[in-house]
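Data block below; observations after.
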Amino acid sequence: MKKWLFMSFMALLLLVLAACGGDKKEQASAPAAEGDGGYTKEKPLVIKFSHVTSIDSVKGKAAEAFAKLVEEKTEGKVKVEVYPSSQLYGDNDELDALVSGNVHMIAPSVTKMVKIDPRWQYVDMPYLFENQEHARKFFNSDVAKLILESEQLAANDIKGLVFWENGFKHFSNNKHPLVTVDDFKGLKFRAQAGKVLESQFKALNAGSATIAFGETYAALQQGTVDGQENTFNNFDTQKYQEVQKYFSVSEHGRLDYAIFVNKTFWKKIPSELLTAVEESLNEATTLAWDLAAEENEKSFENIKNSGIEVIELSDAEKEAIKKQLEPVYEEFTDVITEELINGIRDLK
């Protein structure tokens, strides 16, 4: 009798466990809930948004605006927790954090995506973009979708959403004014990770070191590197004028951001809330573009008034640097693809 009772109990237990396992499987494959998914202001859906620039930067202000818009449009049912200035993750680990789901949204400089798809190095190709209008045409183009909606991103559980503009890059250093190609010889520059940038500085007979954004100020201050390249706004908000003596307005490359989310997390956001979040992101993107132009202009004035020497290169001087950098295209056109490079050029 006892044996029969024991066997009956075990059979019942197995049935219960099987039923629970089946429920979990159904839940895991279930689509996002309709409506607001039951989230409330007291118990909201939390989106963790990590980035590396200061709260006063273009990216920082746009991120804060996005969080505020989401709160308003969802009546507090979605809360965007923004972590600026590498508070949560830095340059070197925020992408891995996104893939693992430890954060849900990041806004990296697009070259950070090189480890997944080398075509993202397009942004570093010398003088590929002629002006701001050209860059914005690209952001909204089908050409941009080649990389923003790529299979490579999807395979890593990443979804690309939109581009946030930052601006054109310029050179700075501590040794002497950079006007001609010869002025770069022997100098060492901080650079973001990427083979294109290594090739760029090599073509200029200069050296480069990959240093995280949050560590660049100290590297310049301590003399680990002589110079760096950045937008007006990044240079200003990071206070590089305190540790650099010469600034050359070269407009030789772009530094822009894109918004990436964890694809699995994003798909689970209830439909009603997702609509509000995406509307908020579109509005924040418009703000980011407007801010980029305004803040870069203000920052340029701050740089000129800071006491460092500012050299505004002529078209002829830029053309000489551009010619010196032609080998970069010979080396990387196949990697970035003619389709992408020519597609960008055709948008002029």
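Fair warning: this is a prediction, and the values are worked out from it, not measured in the lab.
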So does [X] pair up with [Y], basic N to acidic O under 4.0 Å?
X      : Y      : answer
Glu301 : Lys304 : yes
Asp182 : Lys185 : no
Lys73  : Glu283 : yes
Glu295 : Lys61  : yes

Please check if the side chain of [X] supplies one atom and the backbone of [Y] the other of a donor-acceptor pair under 3.5 Å.
X      : Y      : result
Trp266 : Leu274 : no
Asp256 : Val110 : no
His134 : Ile344 : yes
Asn296 : Asn166 : yes
Asp93  : Gly90  : yes
Thr53  : Lys59  : no
Asp157 : Val99  : no
Ser199 : Lys195 : no
Thr216 : Ala212 : yes

Test side chain to side chain contact (heavy atoms under 4.5 Å, CB included) applied to Arg119 and Ser150, step by step:
CA-CA 10 Å; Arg119 292 178 299 173; Ser150 70; 3.6 Å; yes

Assigning hydrophobic clusters by single linkage (Ile, Leu, Val, Met, Phe, Trp, Tyr; side-chain heavy-atom cutoff under 4.5 Å), is [X] placed with [Y]?
X      : Y      : result
Ile269 : Tyr39  : yes
Ile106 : Leu281 : no
Phe49  : Phe260 : no
Leu325 : Phe189 : yes
Phe332 : Leu128 : yes

Any side-chain donor near an acceptor of the partner, [X] and [Y], under 3.5 Å:
X      : Y      : value
Thr180 : Asp183 : yes
Asn102 : Ser100 : yes
Thr285 : Trp164 : yes
Ser172 : Gln244 : yes
Asp56  : Thr237 : no
Asn173 : Tyr246 : no

What is the distance from atom [atom1] of [X] to atom [atom2] of [Y], rounded to the nearest 0.5 Å?
X      : Y      : atom1 : atom2 : answer
Ile341 : Gln121 : CD1   : CD    : 10.5 Å
Thr231 : Gln238 : OG1   : CD    : 9.5 Å
Ile321 : Leu204 : CD1   : CG    : 7.0 Å

Pick from Gln200, Arg254, Gln192, Lys169: which one makes a side-chain hydrogen bond (donor to acceptor under 3.5 Å, both in side chains) with Asp124?
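Only one of Gln200, Arg254, Gln192, Lys169 forms a side-chain hydrogen bond (donor to acceptor under 3.5 Å, both in side chains) with Asp124, namely Lys169.
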
Parallel, tilted or perpendicular: which fits the ring planes of [X] and [Y], with parallel below 30° and perpendicular above 60°?
X      : Y      : result
Tyr240 : Phe235 : perpendicular
His252 : Phe171 : parallel
Tyr122 : Trp120 : tilted

Could you check Glu229 against Phe201 for side chain to side chain contact (heavy atoms under 4.5 Å, CB included), going step by step and ending with a plain yes or no?
CA-CA 11 Å; Glu229 55 173 10; Phe201 286 110; 4.0 Å; yes

Cation-pi geometry met for Lys268 and Phe265 (6.0 Å, 45°):
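No, a cation-pi geometry is absent between Lys268 and Phe265.
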
Evaluate side chain to side chain contact (heavy atoms under 4.5 Å, CB included) for Leu178 paired with Leu187, printing each intermediate quantity in order.
CA-CA 10 Å; Leu178 299 176; Leu187 298 182; 3.7 Å; yes

Go through it in stages, so that I can follow the logic: the residues are Phe66 and Val277, the test is side chain to side chain contact (heavy atoms under 4.5 Å, CB included), and I'd like the CA-CA distance, side-chain angles, deciding distance and then a yes or no.
CA-CA 9 Å; Phe66 170 62; Val277 170; 4.0 Å; yes

Of Val46, Val103, Ile47, the residue whose pairing with Glu81 passes side chain to side chain contact (heavy atoms under 4.5 Å, CB included)
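The side chain to side chain contact (heavy atoms under 4.5 Å, CB included) with Glu81 is passed solely by Val46 among Val46, Val103, Ile47.
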
Please assess Phe232 against His170 for the test ring pair (Phe, Tyr, Trp, His ring centres under 6.0 Å), listing each intermediate value before the final yes or no.
CA-CA 8 Å; Phe232 291 139; His170 314 277; 4.2 Å; yes

